[in-house]
Amino acid sequence: MPTTRFIFYRLLQMLLVLFGTVTVLFFVIYLLVPGDAAQAALGNHATPEALENLRRELGLDRPVWVQYGIYLQHLAQFDLGTSQELQRGVGGIILEYLPATIYLTLAALTLETLFGVGWGMLMALRRWPRLEALSSVTSALLLALPVFFLGMLLQYVFASRLGILPISGTGGWNPLNLVLPAITLAAAQTAIIAAVTQSSLSQEMDKPYILAARARGLTRAQAMLKHGLRNVSGPVVTILAIDLGTLLGGAMITEIVFSWPGMGRMVYNAALFRDVPLVIGTVLVLVIIFVVINTIVDILYGWLDPRVRAGEQANG
Amino acid sequence: MAGWIHESEQASRPMARAGLDAASEMAAAGAELGVANTNFGYDSPRRKHHTLIFAITLAAILLAISLIVPLLPLADPVEPDYDRIAEAPGFEHPLGTDLHGRDELSRVLWAIRTSMIVGVAATGLALTAGMAAATVAVYGGRITDAIFMRTADVFLSFPVVLGAIAIMAVMGPGRRNVFIAIAFFGWPIFARVFRSSLISIREKTYIKAAKVLGAGESRIFFRHVLPNSIPPLISYTAVATGGAILAEAGLSFINLGVQRPDPSLGMMLSESMGQFEPAPWLVIVPGIAVTLMVLIFILIGNSATRALNPRIKKAG
């Protein structure tokens, strides 16, 4: 498949997924909100006339497909609605809290890449009779530890006991504030990246080109660094992009533990007040970021590695 | 060796191998739910079934505990007793009391029951829905297949925690809503795995043999295709149960899960934030309870993969 057609195909797929995402969220709101948006906005003591007026204004008296059309129209104009609690545009509120969440997520992504890939490389280098058991137990443990529990443990050890790191993430963009939240958020995904790296790298290390490199006098480590690693970068980067979604979800919880001034705290408060437009808007923005980044990674990967494009064609 | 990675690569072969497809299958099952099958090649053949049996025994004990909790002679988990706030573990309260003077042992056992109910119900619902969707997709012709699988793609684009946050904010907290929210975004993984499994089993020689022998379509499906398509789902189901327990704890931690006064491990931890210094048992007891529960299910998933798929053993 030619590159342009591959890119076009992936972009089309992305648009379909985004359209579906928006539709799912619309029906989540439409079908599941008890009462309706007018009731939610005005509270239980609103007069029937006020309710009626607001319903007409919001289009709630129209059939569902008209409401869906209005919703899409608003989204196309980047209008995510108005927060019921804060009486401000949802888009503006999200933009205010987004940077802190992105900052934390990127830090966790960096940690997870460095330690995950390093760990996977170490385990793929050769058999380690003792280390393998330890590694296996550690990874299962990292996956099982809930982020909030890990966060509280780290807070206790490094902030309360040792006093070497700040206990919360508030108070400016001091990189020290970032250390504990980022480690907490990255822990489980590090185990996943390590597993993916180790598994694809050990397969790669059995291939003839590695043998050829070894025959030319490279050590196993050199062959891995110079040749093997490059060939597993594709799957690892793809998993990293998918991990981003988990990180964004996990960030919501990590932020609460560390009082991180990002979207997690904002959604926490919004959810307490059942501020549906704000919560749904936030989820929508995060899912869009996730889908777009995954598409970009896919396109780059397909562009760099012709095997992916070929596979796409073979399977329709 | 990380079993899923092999398995999902085999499973995904009939499907488009781009981005949100092959990789997401593995990651969806693992990363999206916050868990993955990572074993790092650590397996000694003599021990594998022991691990599986051990883990299943532990899970059975958990299930038994959660079933008989109401019959046990425990202190009331809900009624506060303000005369004995945050008492250290002692004779009368083996695990101490919480900030409202309630017996921690009783609360943690009741919370384990909540976790098990939500975890098993959410996974059961997602599994059933996913298997039904896959069966319809495979037997319903090309167009039905495309519709169902693209729908699965849309649901897969929601990181489970984010999607569940949206649903919980809309529907309000409560045990029933939590398991619906988790299953709502959990089914596509099962649909994906089961679909690949069905497709590959349908092509097997023994199915053709049954056809030649004159077996009817439904007999072939229920007697031959269905039983042979299920094994790949087993480890996903175990790990997904752990993932659902983690998701429930996370949602309850941010007040979007189980409703007070139902005890929940996530909520117990969120109430104990900042209590590590004065009352460490309030953090450690529920934290370890969640971690162990998830660990047991990851262990079942890991060892089941290996027990069911001897090829992975050799590859390790």
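Proteins get letters first, then strands, A, B, ... in listed order; numbering begins at 1 in each.
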(request) For B:Ala133, enumerate each residue passing the side chain to side chain contact (heavy atoms under 4.5 Å, CB included) test, keeping only those at least two apart in sequence or located in another chain. (result) B:Phe148, B:Trp187, B:Ala191
(message) List the residues meeting side chain to side chain contact (heavy atoms under 4.5 Å, CB included) with A:Leu141, not counting sequence neighbours, and say none if there are none.
(response)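 With neighbours one apart ignored, the set is B:Thr291, B:Leu295.
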To the nearest 0.5 Å, what is the distance between [atom1] on [X] and [atom2] on [Y]?
X: A:Met252; Y: B:Ile165; atom1: CE; atom2: CD1; answer: 6.5 Å
X: A:Met14; Y: B:Ser157; atom1: CE; atom2: OG; answer: 11.5 Å
X: A:Ile242; Y: B:Leu156; atom1: CD1; atom2: CG; answer: 9.0 Å
X: B:Leu256; Y: A:Tyr268; atom1: CG; atom2: OH; answer: 9.0 Å
X: A:Thr246; Y: B:Leu162; atom1: OG1; atom2: CG; answer: 9.0 Å

(message) Just so I understand: if I count every heavy-atom pair under 4.5 Å between each of A:Pro146, A:Ala124, A:Ala241 and chain B, which residue has the most?
(response)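 Most heavy-atom pairs under 4.5 Å with chain B: A:Pro146.
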(request) State whether the number of non-hydrogen atoms from other residues, nucleotides or ligands found under 6.0 Å of A:Arg126 atom CZ is greater than 12. (result) yes
(message) Does any part of the side chain of A:Leu143, heavy atoms only, come nearer than 4.5 Å to the side chain of B:Val294, both counted from C-beta?
(response) no
(request) Would you indicate whether the side-chain heavy atoms of A:Val24 and B:Phe158 approach each other to under 4.5 Å? (result) yes
Answer with side chain, backbone, both or neither: which region of [X] has an atom nearer than 4.5 Å to a non-hydrogen atom of chain B?
X: A:Val257; value: both
X: A:Ile256; value: both
X: A:Leu153; value: both

(message) At a 4.5 Å cut-off on heavy atoms, which part of B:Phe184 comes close to chain A: side chain, backbone, both, or neither?
(response)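 When you check distances to chain A, only side chain atoms of B:Phe184 fall under 4.5 Å.
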(request) Against chain A, label B:Ile288 side chain, backbone, both or neither, depending on which of its atoms sit under 4.5 Å from a heavy atom there. (result) both
